[in-house]
Amino acid sequence: MALYEYVTQDQLTGFDKYKYSAVDSNPLSVYVMHPFWNFVVKFLPTWLAPNLITFTGFMFLVLNFLMLAFYDFDFTASAAGHVHVPSWVWVSAGIFNFLAYTLDGVDGKQARRTNSSTPLGELFDHGLDSWACIFFVATVYSIFGRGESGVSVATLYYILWVVLFSFILSHWEKYNTGILFLPWGYDISQVTISLVYLVTAVVGVETWYQPILWHFLYRDLFSFMIIACSFTVTLPMSLFNVLKAHRSHTLKHSNLYEAFLPFLSPVLLFVLSTIWVVFSPSQILELQPRIFYLMVGTAFANVTCNLIVCQMSNTRCQALSWLLLPMTPVVLLAVTGAVANETLLLYLWTAAVILAHIHYGLSVVQQLSSHFGILAFSLKKPNSD
């Protein structure tokens with residue numbers, strides 16, 4: 001019996017009919033990474049469960065986040081005059097990031113190699129990917145930090161949202177077209193950032209203080225690349241694919257409201273969190289940027305996971321995520337000053353969001369494992385020796 005049955009009976013029936021359909025046209029992925037992953041997967045033991053590979057890769061990103069939180073909790077370590085993050089941390093971050101990326105690439109190949117592909121595996125993979133966004137972005141931020149040559153915490157907040165919406169776009173596409181078009185930016189960013197971590201270990205963060213051209217700094221390039229990639233590649237390609245499906249009459253949701261329904265909860269989450277940022281009496285984002293980012297990223301992951309369940313089970317996306325209901329009074333308490341200690345409120349709410357999301361994830365995994373008669377982290381059958 002699951003901890004709580006978040007997946008409805010109609011959705012379970014939809015999962016039974018589910019067939020994986022994805023398009024990966026990125027040259028880096030097709031001609032470089034896939035051959036590399038095909039080589040790597042041959043060294044994995046055939047008893048190793050794909051979901052265990054997925055989870056291990058995710059934990060490398062969490063480890064990076066925790067490691068940088070220890071050495072650079074408030075994102076000031078890279079600023080001039082502060083004690084910088086040790087070089088070995090950047091080396092570790094580069095290795096861990098590339099390992100996470102590699103394991104994310106080989107988990108599906110291991111599933112096909114061991115004939116253990118299931119809808120649970122895809123849901124588990126993409127669900128963790130949605131949560132990984134915040135750990136990845138926050139770790140990268142420590143390279144530049146919030147100093148004079150860095151990026152302000154407010155700017156990073158909006159950049160985080162650009163990344164989050166870029167991620168959900170792919171699953172919105174699939175919700176409407178039935179095909180997952182893998183974004184080009186993902187592979188390029190993972191390889192680039194892994195190298196940047198290693199370069200930082202060698203040359204030091206001081207290198208990023210220098211302008212590339214005139215007054216154009218590396219931090220500006222960092223911000224420009226993320227925003228430009230989202231608005232000139234990811235968004236246009238998503239809209240093109242959905243429009244193409246509409247013209248060929250293969251669009252699943254021809255009604256405009258139904259087609260854009262998956263964006264309602266993410267937009268409301270953005271509005272609520274931004275109200276908190278803008279009207280915070282204690283300037284909470286300046287005081288606790290890391291915790292605020294973690295809260296937003298985790299809440300977003302929960303909203304996205306709900307969409308992925310609906311998308312894979314071919315069921316209607318729920319209009320409103322239940323997590324937004326308690327968040328509304330929390331934000332009101334914060335911005336009105338009704339709670340004296342806003343930082344404590346943020347910590348308590350962040351803990352509640354993380355626990356709620358973990359409970360949701362465990363429940364869904366347990367429910368689908370039971371439905372398909374499998375073990376999530378083992379290739380053995382339940383009740384077998």
Side-chain angles (χ1 to χ4, degrees), residues 61-79 82 128 130-142 144-147 150-165 167-168 265-306 320-361:
L61 294 178
V62 174
L63 181 58
N64 269 356
F65 177 84
L66 294 175
M67 196 164 55
L68 267 300
F70 180 80
Y71 285 100
D72 185 27
F73 186 80
D74 55 0
F75 303 108
T76 56
S78 291
H82 287 74
L128 288 182
S130 68
W131 202 4
C133 289
I134 175 54
F135 300 119
F136 174 72
V137 172
T139 304
V140 172
Y141 186 30
S142 282
F144 305 98
R146 61 198 284 194
V151 178
S152 73
V153 290
T155 300
L156 199 280
Y157 168 75
Y158 293 110
I159 288 175
L160 172 62
W161 270 109
V162 170
V163 173
L164 296 179
F165 272 108
F167 180 88
I168 207 170
S265 285
V267 167
L268 287 176
L269 176 60
F270 170 74
V271 170
L272 282 172
S273 59
T274 304
I275 287 173
W276 193 346
V277 167
V278 174
F279 297 103
S280 167
S282 66
Q283 299 296 305
I284 194 66
L285 192 61
E286 293 289 336
L287 286 176
Q288 297 290 339
R290 184 176 292 273
I291 302 303
F292 199 91
Y293 298 150
L294 178 60
M295 179 274 290
V296 168
T298 305
F300 174 85
N302 189 263
V303 169
T304 305
C305 285
N306 278 282
L320 191 66
S321 170
W322 65 269
L323 199 60
L324 299 177
L325 298 177
M327 185 173 177
T328 303
V330 167
V331 172
L332 286 174
L333 286 172
V335 300
T336 58
V339 174
N341 193 333
E342 193 179 354
T343 297
L344 178 61
L345 178 64
L346 174 62
Y347 271 77
L348 290 174
W349 175 239
T350 302
V353 170
I354 292 171
L355 289 174
H357 186 52
I358 290 173
H359 181 270
Y360 172 82

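Along the sequence shown, residues are numbered consecutively beginning with 1. Values below: every heavy atom of this structure, side chains too, minus hydrogens, waters and symmetry copies.
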> For Ala356 and Leu323, which heavy atoms make the closest approach, and how far apart are they?
Replying inline: CB-CD1, 4.2 Å
>> Taking the side chain as everything from C-beta on, heavy atoms only, tell me whether Val137 gets closer than 4.5 Å to Leu156.
In response: yes
>> With side chain to side chain donor-acceptor pair (under 3.5 Å) as the rule and sequence neighbours excluded, what pairs involving residues 292-301 come up?
In response: Trp131-Thr298
>> Let me confirm one number: the CG-CG distance from Leu66 to Leu61, rounded to the nearest 0.5 Å.
In response: 11.0 Å
> Roughly how far apart are Leu269 CG and Leu324 CG, rounded to 0.5 Å?
Replying inline: 6.0 Å
> Roughly how far, to the nearest 0.5 Å, is CG of Leu272 from OG1 of Thr328?
Replying inline: 4.5 Å
>> Nearest 0.5 angstrom please: Thr76 OG1 to His82 NE2, how far?
In response: 4.0 Å
> Between Ser130 and Phe300, what is the shortest heavy-atom contact and its length?
Replying inline: O-CD2, 4.5 Å
> Does the pair Leu325 and Leu320 meet the rule for a side chain to side chain contact (heavy atoms under 4.5 Å, CB included), with working shown?
Replying inline: CA-CA 9 Å; Leu325 298 177; Leu320 191 66; 3.7 Å; yes
> Do His357 and Cys305 have side-chain heavy atoms sitting under 4.5 Å apart?
Replying inline: yes
>> Enumerate the side chain to side chain donor-acceptor pair (under 3.5 Å) contacts for residues 132-142, please, sequence neighbours excluded, ordered by first and then second residue.
In response: Asp72-Ser142
>> How close do Arg290 and Ala138 get, counting heavy atoms only, and between which atoms?
In response: NH1-CB, 4.4 Å
> Taking all atoms of both residues into account, what is the closest heavy-atom pair of Ile275 and Val335, and its distance?
Replying inline: O-CG1, 3.7 Å
>> Treating Arg146 as the side-chain partner and Phe75 as the backbone partner, does any N or O pair qualify as donor plus acceptor under 3.5 Å?
In response: no
> Less than 4.5 Å apart, any side-chain heavy atom of Met67 and any of Phe70?
Replying inline: no
Kindly list each side-chain donor-acceptor pair under 3.5 angstrom involving residues 346-354, sequence neighbours excluded, with atom names and distances?
| residue | atom | partner | partner atom | Å |
| --- | --- | --- | --- | --- |
| Tyr347 | OH | Gln288 | OE1 | 3.0 |
| Thr350 | OG1 | Leu346 | O | 2.7 |

> Which heavy atom of Asn302 sits nearest a heavy atom of Asn306, and at what distance?
Replying inline: O-ND2, 2.8 Å
> Does Ile284 reach the side chain of Val277, with side-chain heavy atoms less than 4.5 Å apart?
Replying inline: no
> CH2 of Trp276 to CG of Leu345: how many Å apart, nearest 0.5 Å?
Replying inline: 4.5 Å
> For the residue pair Ser273 and Val296, what are the closest heavy atoms and their distance?
Replying inline: CB-CG2, 3.8 Å
> Is there a side-chain contact between Ser282 and Leu287, using heavy atoms and a 4.5 Å cut-off?
Replying inline: yes
>> If only side-chain N and O atoms count, and only distance matters, is there a donor-acceptor pair under 3.5 Å linking Tyr158 with Thr274?
In response: no
>> Within the structure provided, determine whether Leu285 and Ser280 are in side-chain contact (heavy-atom separation under 4.5 Å).
In response: no
> Parallel, tilted or perpendicular: which fits the ring planes of Trp161 and Phe165, with parallel below 30° and perpendicular above 60°?
Replying inline: tilted
